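Quantities reported herein were computed from a predicted structural model and do not represent experimental measurements.
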Amino acid sequence: MKKRVWASSPIFFVILAIMFAMTAATYFIGQTALFYVELGVSVVATIAVAVSLHFFETYVGGAVKSAKKALGGLDYQALQDFTMAVAVVGEAGDIVWTNREFIVSVSGNRECQGENILRFLYPKTVPQILEDGGTDIAVDDRQFTVYGARTGESVVLYFVDDTYYKEINKEYALTRPVVLLICFDNREELARESTGAEDARVGSEVQAKLDAWAVNMNGFLKRLNGERYLVLTDEEHIQGMMDSRFPILDEIRNIKNENNQSATISVGVGRGASSLKEGELWARRALDMALGRGGDQVAVKQKNDTYEFFGGLSKGVEKRDKVRTRVIAATLSDHVRASDAVFVMGHKFSDLDSMGAAVGLWSAINKVMNKKAYIVVNRAQTLAGQVVASMEEKAGGQQVFLSPQEALSMVGPHALLIVVDTHTPDFIESPELLNAVSRVVVIDHHRMMVHHIENALIFYHEPYASSASEMVAELVQYIGENCLDRTEAEALLSGIMLDTKNFVLRTGVRTFEAAAYLRRRGADTVRVKRMFSDSIDAYKEKYRIVSSAEVVNQCAIASTEQDSANIRVTAAQAADELLSIKGVAASFVLFPTGNTVNISARSLGDINVQLIMETLGGGGHFTMAGAQLADVTVKRARELLSDAIRGFMEKNVQHKE
């Protein structure tokens, strides 16, 4: 203690010496009045320093005596020769005493009494160490577990050097096996568009890239079939891939056939599993999630059912094979016939696509299967009022629609609920009805979200489809060719036209085939067009929103503070309209409803608005998505949206097909 009482005391002594020197100089130059003033200040400063040193020495002495009293005389002396680093710390965190081992292993052979212990503990604090009962810290290249014990006015800290064991634990964690399952997304589509030799070249290049990738990760590749592969590697290399955002996706995308079509892969990663068997199960689930989100991406499944996604910059490739649709139709028919009541329900604020799909299923179930079916809808919130009105007019006295409360009162043990145009419990029209019915079927086209309806009897999910109405139009053809009349066909066609923006976005061969079938069933395109008509007030509001837009990084952002009756439809139409502006690749419209700010997002396909909306808690499709932000202002929501767009642009390179 006599070697170093207080690290700052030499500084104070130097300052006092300078003050007295200046006072003496003032005396010799004849400034008597100033001399006495400076002399008085110097004397007061000397007294203050002396008093401070006295109180500090008393404080240090008390802390040391407290430690000696707690540890005992012999024990206290024994700590000096203890092989474990020990430090006695005062209430303010200053180091009062250390043993020789602390100086050697922690402070780097340097006396450190008087310094603050936070120099060695940061970002941890002494109260945290006392509370945690053992805290991990690192000092230079050594790692310690620090334990603390309070001894009256001081704290005794014990530094256990467990660098070796922590390195062993780290090595164990980094060498844990990780299972990857890879799917060559568009293998069949590329083969269909290529000659035999060209198809073989593309396939061999993809496998060669994957094989080299597996070797670089110190793993191996095993081909399971024509389009599926298994890779086994370790945690260290997966962490490296996650940090670099899986460049293998770009490498595979650079492989093209003679028609300039890019190859794409989806990867499911099972990370942190307790066994290889569990890792393979997690990898399969992750791969299903990646494919359900449109492919061309990596889904990493970790503990606690959390997922992390990478990629997803390409538009999904349409699947032309209708075998699965035929199988789904047959299975759905069996479940309907085994039910005593069937309810068809869409998402909250049901639109033309949701209502059109529900009407198509209602018609097939009632007319072909002769089962009683009902469409569950909240009339006060639906955006498809024209479809509801036309169906009620056509049905006469037959009850077609039920409120959620009415449907709940009719639920029996053999009831069946068919959910259309959504697969997320949070977005469904009535979560209470979903929980009340044990037998559920899901039909949806939106890209897969982590939180989705589980344990469904049928989960018919096609992210490549343009709309739920397109999927239902295909299904009903296998249930009964003539089950639709003009009103129901028009409802389905309106849903397709809504989600494709009049056959401009996300249209494939099957989209036009479904539209042709509906036209044969009597759908009148003029009558469907009238369903999209606006009032003069809504038309003015739409262009007022459009005129307020700002374009940043090819993204048009517009907002309104008004909460009108038709604001949801108007905002969606404004977002569509913004895409017609030159230089705009994506559009976002913000509007309030109550205490919530809603975001309607649209894209022409160069920017994945689904990924942007997911960072804000929303979701949707590659070119059409949305989000809801509770308890924020429109201004704050706009700031959050700008940050999400900026983050997307920084992390992802836009890919144009």
Side-chain angles (χ1 to χ4, degrees), residues 292-294 316 318-319 322 324-325 328-329 332 342-365 373 375-377 382-384 387-388 391 416-430 434 440-449 452-453 456 458-479 483-484 488-503 505-508 510-515 517-518 523 528 531 572 610 619-626:
R293 292 165 55 87
E318 180 190 16
K319 301 295 184 181
K322 295 184 180 180
R324 183 170 181 240
T325 304
I328 293 292
L332 177 61
V342 180
F343 304 98
V344 186
M345 181 169 61
H347 52 74
K348 295 178 181 177
F349 301 99
S350 53
D351 56 13
L352 291 175
D353 184 32
S354 174
M355 188 57 64
V359 166
L361 287 171
W362 174 89
S363 180
I365 294 170
I375 300 175
V376 181
V377 61
T382 183
L383 305 179
V387 174
V388 174
M391 284 297 297
L416 178 68
L417 174 63
I418 304 177
V419 177
V420 295
D421 203 30
T422 185
H423 62 271
T424 308
D426 296 337
F427 298 157
I428 203 167
E429 183 78 86
S430 174
L434 176 64
V440 180
V441 172
V442 177
I443 301 174
D444 188 29
H445 70 109
H446 294 97
R447 292 196 169 195
M448 183 73 75
M449 297 184 69
H452 58 271
I453 298 173
I458 301 174
F459 198 92
Y460 185 29
H461 180 245
E462 287 285 359
Y464 315 99
S466 69
S467 58
S469 293
E470 175 190 320
M471 298 171 66
V472 172
E474 291 181 344
L475 279 173
V476 298
Q477 295 181 62
Y478 294 108
I479 296 175
C483 64
L484 302 178
E488 293 133 6
E490 288 174 352
L492 284 165
L493 184 58
S494 69
I496 296 176
M497 291 178 65
L498 174 71
D499 276 15
T500 61
K501 304 297 175 279
N502 295 326
F503 298 98
L505 300 176
R506 298 199 313 275
T507 53
R510 291 170 65 168
T511 307
F512 289 101
E513 289 177 350
Y517 163 71
L518 297 174
V528 172
M531 294 183 185
Q610 177 210 7
H621 207 276
F622 193 101
T623 57
M624 184 170 65

Under the side chain to side chain contact (heavy atoms under 4.5 Å, CB included) test, which residues partner [X], sequence neighbours left out?
| X | answer |
| --- | --- |
| Ala468 | Asp353, Ala357, Asp421, His445 |
| Tyr478 | Lys322, Thr325, Arg326, Ala329 |
| Met449 | His423, Thr424, Phe427 |
| Phe512 | Phe503, Thr507 |

Hey, does [Y] have a side-chain heavy atom less than 4.5 Å from the side chain of [X]?
| X | Y | value |
| --- | --- | --- |
| Ile375 | Phe343 | no |
| Val419 | Asp444 | no |
| Met624 | Gln610 | no |
| Ser354 | Thr422 | no |
| Ile443 | Leu361 | yes |
| Met345 | Ser430 | yes |
| Arg324 | Tyr460 | yes |

Nearest 0.5 Å please: distance from the [atom1] atom of [X] over to the [atom2] atom of [Y].
| X | Y | atom1 | atom2 | value |
| --- | --- | --- | --- | --- |
| Ser466 | Met497 | OG | CE | 12.0 Å |
| Phe459 | His452 | CZ | NE2 | 5.0 Å |
| Ser469 | Asp499 | OG | CG | 7.0 Å |
| Ile328 | Glu474 | CD1 | CD | 12.0 Å |
| Lys348 | Ile428 | NZ | CD1 | 10.0 Å |
| Leu352 | Leu492 | CG | CG | 11.0 Å |

Compare every heavy atom of [Y] with every heavy atom of [X], then report the nearest pair and how far apart it is.
| X | Y | answer |
| --- | --- | --- |
| Val442 | Ala456 | CG2-CB, 4.1 Å |
| Ala625 | Gly619 | CB-O, 3.1 Å |
| Ala514 | Ala473 | CB-CB, 4.0 Å |
| His621 | Ala465 | NE2-O, 4.0 Å |
| Val476 | Gly360 | CG1-O, 3.7 Å |

Partner residues of His347 under the ring pair (Phe, Tyr, Trp, His ring centres under 6.0 Å) criterion, sequence neighbours left out: none
Under 3.5 Å, side chain of [X] to main-chain N/O of [Y], donor-acceptor pair present?
| X | Y | answer |
| --- | --- | --- |
| Arg447 | Gly620 | no |
| Trp362 | Ala373 | yes |
| Ser363 | Cys483 | yes |
| His446 | Glu462 | no |

Worked verdict on Ile418 versus Leu332 for side chain to side chain contact (heavy atoms under 4.5 Å, CB included): CA-CA 10 Å; Ile418 304 177; Leu332 177 61; 4.1 Å; yes
Residues in salt bridge (charged side-chain N to carboxylate O under 4.0 Å, His left out) contact with Glu488, at least two apart in sequence or another chain: Lys367, Lys394
Working for side chain to side chain contact (heavy atoms under 4.5 Å, CB included), residues Leu417 and Leu434: CA-CA 7 Å; Leu417 174 63; Leu434 176 64; 4.0 Å; yes
Distance-only side-chain donor-acceptor flag, Thr382 / Ser350, under 3.5 Å: yes
Worked check of side chain to side chain contact (heavy atoms under 4.5 Å, CB included) between Met355 and Val377: CA-CA 9 Å; Met355 188 57 64; Val377 61; 3.6 Å; yes
